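What you see is a predicted model, and the numbers here were worked out from it, not measured in a lab. A note on names: the letters A, B, ... follow the listed sequences, proteins ahead of strands, and every chain is numbered from 1.
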Amino acid sequence: MDDDAVFAALADPTRRALLDRLRETSGQALSELCDGLQMTRQAVAKHLGVLEAANLVAVRRQGREKLHFLNPVPIQGIAERWIAKFQERQLAALSALKAALETDPPQKRRP
Amino acid sequence: MAESTFLYVTFIRATPEALWRALTDTDFIPQWWMGVRAETDWTVGGAWKLVFPDGRVADTGEVLEFEPPKRLAIKWRNEFRPELKEEGWSHCLFELEPQGEAVKLTVTHSAPRAGSKLIEAVSGGWPQILSNLKSLIETGKALVPQRTAEPADA
């Protein structure tokens, strides 16, 4: 897979927002993905095209609709390339700790 | 849309025939499925079962489609986590399409309900299993030969 295409696709906040929406609900039509975005349909379609070219989004036809799915493969490739296997457990523990600390109301931690 | 879907699209440098063999040869499957065995004779309508290295049954189901070297579909139910078993059937489809020197492998695992816990669980498991498969086919080595901990997913 072309790493440059993946990083270029991820460098844009709108495209990351589209990936977030697909992560929440995978398998959405263009019209659903346009909902609530201050952007023309054409602009959203163009962003989706960039994501699709980078294999971050996969498209399936279902009847008359074209549904967009998040494809985890390129990001998994990035993780496997730079995160050694043996570090995974420690990193998961650290990231769980960070999440716990950040979601805890601050007053609880400062008595 | 009351459906939960996990989709995975990867490109593997192999022929469709070689990838098909890797996906369906029950002697070869444990090498990339981290020790998990598949028990089936791949007859359409016949039983299909996944078994953990320690002998516990992971998942059961039925072969729905078997079209070498293009399409393999399995009716699939989890067996080892009661809350997932309760959810009932899911559908797992493997599609192989030649693309130049590689094969585009699309795995679609879906369940006919919103917010499926089973689909959430397999979404964590499939990437590791399928990346193992790719690595094994392309380099002859799996990344993770066997599950080291309690399986956290289907």
Q.
Before you tell me yes or no, could you show the steps for A/Arg60 and B/Thr5 under side chain to side chain contact (heavy atoms under 4.5 Å, CB included), namely the whole-Å CA-CA distance, both residues' side-chain angles and the distance that decides it to 0.1 Å?
A. CA-CA 12 Å; A/Arg60 262 197 117 104; B/Thr5 305; over 6 Å; no
Q) Any side-chain heavy-atom pair from B/Phe6 and A/Ser26 closer than 4.5 angstrom? A)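 Sidechains of A/Ser26 and B/Phe6: no contact.
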In terms of hydrophobic clustering (I, L, V, M, F, W, Y; side-chain heavy atoms under 4.5 Å; direct or indirect links), are [X] and [Y] co-clustered?
X	Y	value
B/Trp33	B/Phe52	yes
B/Leu93	B/Leu96	no
B/Trp89	B/Trp76	no

Count the heavy atoms of every other residue, nucleotide or ligand shown that sit under 6.0 Å from [atom1] of [X], and state whether that count exceeds 12.
X	atom1	answer
B/Glu86	CD	no
B/Glu83	CD	yes
A/Arg16	CZ	yes

**Q.** Proximal component of B/Glu120, with respect to chain A [non-hydrogen, under 4.5 Å]
**A.**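 It is neither, since no heavy atom gets under 4.5 Å.
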Q: Let me know if B/Thr106 has heavy atoms under 4.5 Å from chain A in its side chain, its backbone, both or neither.
A: side chain
Q | Over all atoms of both residues, closest heavy-atom pair of A/Asn71 and B/Leu7 | A | OD1-O, 3.9 Å
Q.
Please report the interatomic distance OH(B/Tyr8) to CD(A/Gln76), rounded to the nearest 0.5 Å.
A. 4.0 Å
Q: Look at the side chain of A/Asn55 and the backbone N and O of B/Thr10, then say whether any donor-acceptor pair between them is shorter than 3.5 Å.
A: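 Flag not set: sc A/Asn55 to bb B/Thr10 has no pair under 3.5 Å.
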